[in-house]
Visitor: 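Encoded as structure tokens, here's the structure I'll be asking about.
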Amino acid sequence: QVQLVQSGGGSVQPGGSLRLSCTGSGFPLGPFAVGWFRQAPGKEREPVACISSNADSPSYVDSVKGRFTVSRDYAKNTVYLEMNNLKPEDTGVYYCAPRRVDYCSGYDGHGGSWGPGTQVTVSS
């Protein structure tokens, strides 16, 4: 059974930081790429970042490049999304979605195993 637990969301002021966590429960995340996606109110879900199984060359959407960092802790079976210098346009529900292969190229979320999501709100 695919079980994912997400945490770390919350409300912050512009310029603040949050770290989101995605932990696999009952299955390993290590062998697989893991993507992060977000959905703002009234908008379609969009890809944010992805990390491969070996954590080499993580990828980011242009709007978060230089501000967000995706990483993973194999011992904890957890993938993180560190978000710095947050902006109001970063507001939305963030989802992690492991891919059942080890690489990120071409991953748009289809066929992934989706987490429950966590709310991130950036406002003054």
Visitor: My understanding is that only residues two or more places apart in sequence, or in another chain, count here; which of them pass side chain to side chain contact (heavy atoms under 4.5 Å, CB included) with C50?
Guide: A33, S59, C104, Y107
Visitor: Give me the atom names and distance for the closest heavy-atom approach of V34 to C96.
Guide: CG1-CB, 4.4 Å
Visitor: Which of parallel (below 30°), tilted (30 to 60°) and perpendicular (above 60°) describes F37 and W114?
Guide: tilted
Visitor: Verify, without hydrogens or angle tests, whether R72 (side chain) and L29 (backbone) share a donor-acceptor contact under 3.5 angstrom.
Guide: yes
Visitor: Less than 3.5 Å apart, any donor N or O on the side chain of T91 or T121 sitting next to an acceptor on the other?
Guide: no
Visitor: Are Y94 and V122 connected in the hydrophobic side-chain network, where two residues link if heavy atoms are under 4.5 Å apart?
Guide: yes
Visitor: So, Q39 side chain and V93 main chain: donor-acceptor pair closer than 3.5 Å or not?
Guide: no
Visitor: Flag the pair L20 / R38 as yes when at least one side-chain heavy-atom distance between them is below 4.5 Å, and no otherwise.
Guide: no
Visitor: Pairs of donor and acceptor atoms involving the side chains of residues 81-89, under 3.5 Å and at least two apart or interchain, shall be tabulated with distances.
Guide:
| from | atom 1 | to | atom 2 | distance (Å) |
| --- | --- | --- | --- | --- |
| N84 | OD1 | S17 | OG | 2.9 |

Visitor: Would a 4.5 Å heavy-atom cut-off, applied to side chains only, mark F32 and S53 as touching?
Guide: no
Visitor: May I ask you to test the F27-L4 pair for a side-chain heavy-atom distance under 4.5 Å?
Guide: yes
Visitor: Is the OH atom of Y103 crowded by more than 12 outside heavy atoms at less than 6.0 Å?
Guide: no
Visitor: For the hydrophobic clusters of this structure (ILVMFWY residues joined by side-chain heavy atoms under 4.5 Å, transitively), does one cluster hold both Y80 and W36?
Guide: no
Visitor: Work out which heavy atom in P116 is nearest to a heavy atom in Y95; give both atom names and the distance.
Guide: O-CE2, 3.7 Å
Visitor: How close do V70 and Y60 get, counting heavy atoms only, and between which atoms?
Guide: N-OH, 2.9 Å
Visitor: Roughly how far, to the nearest 0.5 Å, is CG of D90 from OG of S123?
Guide: 12.0 Å
Visitor: Grouping I, L, V, M, F, W and Y whenever their side-chain heavy atoms are under 4.5 Å apart, do L18 and V61 come out in a common cluster?
Guide: yes
Visitor: Using 0.5 Å steps for rounding, measure from the OG1 atom of T78 to the CG atom of D73.
Guide: 6.5 Å
